[in-house]
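The structure appears below as structure tokens.
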Amino acid sequence: MHDRPVITRFAPSPTGHLHIGGARTALFCWAFARRHAGRFLLRIEDTDQARSSEDAARGILEDLAWLGIGWDDGPLWVDGPSDPNVCSGGQAVGSSRRPAQYGGDARGVGPYYQSQRRDIYEREFVRLLEAGLAYPAFETPEELGAMRKAAEAEKKTFIYRQRGDYDHAAALARVRRGEAHVLRLKMPGQAITVHDRVLGDVTFPAEELDDFVIRKADGFPTYHFAVVVDDELMGVTHVLRGQEHLNNTPRHIALQRALGFRTPFYAHMPLIFNLDATKMSKRDKDKAAKKAVRDAGIESVAGLVERLHSTGRQRERAVLQSLSDADLQVWLKDKQRQLGREQVGAVAAALGLKLPEIDVEDFRAAGYLPEVLCNFIALLGWNPGERNADGTDLERFDQAFLASRFDTDRIGKTNSKFDREKLLAFNADTIQHGLTDERFAGLWLGWAERFDEQLATWARADAARWQVASRAARPRTKTLSDAREAIGFALVPDDAVVFDDKAVGKVLHKGEPSGLVVLEGAGKVLASVDPWAPEAIDAALHAFATDRGLGMGKVAQPLRVAVTGGSVSPGLGETLALIGREGTLRRVERCLMECRGSVI
RNA sequence: GGCCCCGUCGUCUAGCCAGGUCCAGGACACCAGGUUUUCAUCCUGGUAACACGGGUUCGAAUCCCGUCGGGGUCACCA
């Protein structure tokens with residue numbers, strides 16, 4: 001076993017989007033395989049017929065691909081990320097932006113959907129049954145529930161054991177007659193020790209181990225069974241998974257022994273929680289949205305749509321309108337009731353609410369960069385233990401670094417809390433110091449095309465302007481989604497600029513000469529600036545300021561207020577360039593009129 | 001409740017396995033200054049932790065035991 005090539009696997013169940021915790025598990029499995037020149041395998045555990053869906057499976061593949069966590073074996077993925085500028089880590093597809101291709105069945109150990117492997121499981125069930133290592137059990141769920149309750153009444157944990165009068169031949173006969181039944185594994189009655197690479201040896205006493213179900217009444221294998229069989233058949237050597245699985249491991253080992261399989265190496269990773277120590281759950285988003293609607297005192301769909309109107313988002317609008325007032329009421333009153341993902345998103349958009357990010361898709365929509373997200377989650381439970389040249393701890397790294405250093409020996413044992421502030425700082429740092437303007441422009445556009453149609457349209461209308469916008473927004477941007485705020489003034493029609501009273505009072509009406517006087521003079525200078533580009537505009541304005549013996553602030557702020565309505569914007573040259581000469585002059589003119597007309 | 005895991009600044013962590021160089025280092029956040037045409041960036045400085053109690057030892061954040069605290073798990077879900 002020690003000389004077998006390393007094979008790790010990530011095995012999500014397709015019941016929803018990829019959770020950030022799952023992403024870390026996948027990343028670690030991927031990194032471990034890379035580090036040991038092995039293979040990383042992806043398997044879809046869809047043995048729960050009721051909850052699994054093909055859509056969810058596809059979504060998970062896409063999330064992984066976006067993160068740059070490519071898999072060697074598994075479902076084929078050739079579409080590639082829909083975002084042409086997406087960063088890819090690890091087995092990078094390179095700067096040529098070819099579509100990524102992951103998966104396939106080079107070793108011939110597929111299929112990788114468990115629902116397609118039922119004949120394989122069946123063979124193994126028969127083996128166990130014939131060897132007397134597994135047996136049919138006929139209790140109904142109701143009966144089991146009663147037994148559990150009875151045990152509880154005695155303050156004991158219910159442990160299922162084979163009945164003393166169990167008769168294998170008779171049981172098999174009942175099965176042949178077609179009686180509903182499950183299959184259970186006969187536990188060996190001895191303590192089982194898990195040799196864990198993170199936690200060390202962990203021993204579970206025999207009394208704690210029950211004869212658990214390995215095949216459900218519907219004929220599907222349980223998770224325990226499928227995972228053990230598939231890991232063996234697919235050659236998995238190292239199982240890295242969350243600590244919540246530790247208690248399952250003795251069962252898996254018992255199963256491996258019964259089936260004559262090898263036991264892989266195990267490494268159970270600590271868990272990730274919210275900052276407030278609650279579990280990171282999809283419900284968090286629904287909760288936040290519900291609270292916001294209640295706090296805003298909104299009771300009808302129309303009330304929500306009205307809020308949305310000002311921001312002009314068509315998609316969210318349609319989503320909201322698909323809701324009825326009755327739906328909304330029921331949702332508001334019932335704590336348990338949850339809205340769909342799209343609906344929650346639309347509600348948040350209407351209220352200008354930032355939803356807590358839980359799934360990979362949430363972080364993507366919020367404008368986090370995939371390589372930053374990977375960097376950050378890698379640090380939750382793992383640390384390279386190296387220093388930078390300046391003596392600080394090395395904590396910023398890319399996937400290539402992870403792939404070259406990652407191992408189980410530096411995985412920590414303690415659970416961690418997900419600090420979004422630090423993630424945000426990482427993201428901001430990468431955007432501001434780790435990207436060129438060109439690359440940022442591409443990433444931002446890719447993001448807009450997926451999440452902000454209005455911005456994307458504006459971007460496509462004028463490529464040169466988009467370059468300026470990117471240059472202006474990048475230094476003030478922490479996530480791709482807030483870059484828009486930095487240049488939002490440019491998307492507003494010239495006559496719709498709203499002048500902030502405070503700003504007007506402070507920079508236009510005060511001073512000697514007053515802001516308005518300076519503004520008028522600056523406007524005249526601007527009329528003849530050529531070319532209309534940031535550098536030329538800045539140069540002209542500096543000359544103007546020097547000429548009048550004014551500090552730059554005295555010139556910049558009145559202009560800023562005149563063209564954006566407020567006192568905050570990117571550099572003045574960029575700000576004016578984005579608005580255009582015509583727009584700038586019109587805005588200055590309009591400001592002069594309005595503010596002189598209403599002298600305070 | 002049974003079983004299992006864990007316990008260093010508010011948060012992520014380095015240090016622990018091979019006890020002294022640790023009155024505990026870094027990062028994020030926070031606070032105070034500085035640079036700057038606004039904002040952001042950037043620079044400088046600061047506050048802040050070995051859960052508690054016993055051992056072992058010349059010496060313990062590091063080893064042992066106990067207490068307390070947190071988490072996981074107890075399904076025909078994965």
Side-chain angles (χ1 to χ4, degrees), chain A residues 11-13 15 45-48 50-52 137 139-141 144-145 148 152 155-159 180-184 194 196 198-200 202-205 207-210 212-218 220 222-224 226-227 242-248 250 268 270-271 273 275 277 279 376 379-388 390-396 409 412-426 428-429 432-433 473-478 486 503 507 538 541-542 545 551-557 559-561 564 566-572 575:
Chain A
S13 62
T15 55
E45 309 221 327
D46 56 349
T47 53
D48 184 342
R51 298 200 300 160
S52 299
E139 290 85 358
T140 63
L144 287 171
R148 216 164 266 129
E152 204 177 308
K155 295 195 187 246
K156 285 198 281 198
T157 308
F158 174 61
I159 306 273
H181 68 282
V182 299
L183 251 36
R184 288 180 182 269
V194 178
D196 191 274
V198 172
L199 301 171
V202 183
T203 300
F204 296 83
E207 315 84 76
E208 298 296 322
L209 274 11
D210 64 339
F212 61 100
V213 174
I214 56 177
R215 191 175 77 161
K216 307 180 222 176
D218 66 4
F220 272 76
T222 58
Y223 157 74
H224 302 298
V227 97
Q243 244 170 51
E244 75 266 21
H245 286 291
L246 182 62
N247 292 293
N248 292 150
H268 287 94
L271 274 17
F273 295 91
L275 215 45
K279 280 194 200 187
F376 184 73
L379 249 13
L380 260 28
W382 182 80
N383 188 291
E386 294 179 33
R387 296 285 173 89
N388 294 307
D390 64 0
T392 56
D393 289 359
L394 191 158
E395 52 178 14
R396 300 304 313 276
D409 55 359
K413 297 179 177 183
T414 60
N415 295 339
S416 48
K417 291 171 188 154
F418 196 98
D419 184 356
R420 288 187 181 73
E421 288 290 340
K422 184 158 178 172
L423 169 64
L424 191 65
F426 274 22
D429 178 63
Q432 286 160 30
H433 306 291
R474 189 164 73 91
R476 317 173 152 70
T477 294
K478 292 186 195 298
V507 307
D538 274 331
L541 257 16
H542 270 106
M552 202 42 204
K554 288 270 181 264
V555 176
Q557 287 309 81
L559 268 168
R560 218 170 233 120
V561 173
T564 71
S567 57
V568 176
S569 89
L572 206 54
T575 299

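Here the structure is a predicted model, which means the values were calculated and not measured. Atoms considered below: every heavy atom in the structure, side chains included; atoms not considered: hydrogens, waters and symmetry mates. Order of the sequence lines sets the chain letters (A, B, ...), proteins ahead of strands, with each chain counted from 1.
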Using side chain to side chain donor-acceptor pair (under 3.5 Å) as the criterion, list what pairs up with [X], not counting sequence neighbours.
X	answer
Arg396(A)	Asn375(A), Asp429(A), Thr430(A)
Gln557(A)	Arg560(A)
Glu395(A)	Lys422(A)

(request) Taking all heavy atoms of Ala226(A) and all of Thr47(A), pick out the closest pair and write down the distance. (result) CB-CG2, 4.4 Å

Atom [atom1], compared across [N] and [M]: separation rounded to whole Å:
N	M	atom1	result
A14(B)	C6(B)	P	15 Å
C28(B)	C16(B)	P	24 Å
C63(B)	G26(B)	P	24 Å
G66(B)	C4(B)	P	13 Å
C76(B)	G72(B)	C1'	22 Å
U11(B)	G53(B)	C1'	28 Å
U67(B)	U73(B)	C1'	24 Å
A32(B)	G25(B)	P	23 Å

(request) Output all residues satisfying side-chain contact (heavy atoms from CB on, under 4.5 Å) with Asn383(A), sequence neighbours left out; order by chain, then residue number. (result) Arg410(A)

Would you mind pulling out the nucleotide paired to [N], Watson-Crick or G-U wobble, both distances under 3.5 Å?
N	result
A32(B)	U44(B)
A60(B)	none
C74(B)	G1(B)
G7(B)	C68(B)

(message) For a quick check of understanding: with a heavy-atom distance under 4.0 Å over all strands, which category does Gly566(A) fall into, base, sugar-phosphate or nothing?
(response)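 Counting heavy atoms under 4.0 Å across all strands, no contact is made by Gly566(A).
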
(request) Describe the nucleic acid contact of Pro570(A) in one word from base, sugar-phosphate, nothing, applying a heavy-atom distance below 4.0 Å. (result) base

(request) Using the closest heavy atom to pick a nucleotide of RNA chain B for each, name whichever of Arg387(A) or Glu421(A) lands nearer the 5' end. (result)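 Its nucleotide being nearer the 5' end, the pick is Arg387(A).
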
(request) By nearest nucleotide on RNA chain B, pick out whichever of Glu45(A) and Lys156(A) is the more 5' one. (result)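 Upstream on the strand: Lys156(A).
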
(request) Verify whether one side chain among Thr392(A) and Asn388(A) offers a donor that lies under 3.5 Å from an acceptor in the other. (result) yes

(request) Using salt bridge (Lys or Arg N to Asp or Glu O under 4.0 Å) as the criterion, list what pairs up with Arg387(A), not counting sequence neighbours. (result) Asp393(A)

(message) Reading RNA chain B in the 5' to 3' direction, which nucleotide is the first one with an atom under 4.0 Å from a heavy atom of chain A, and which is the last?
(response) G1(B) to A78(B)

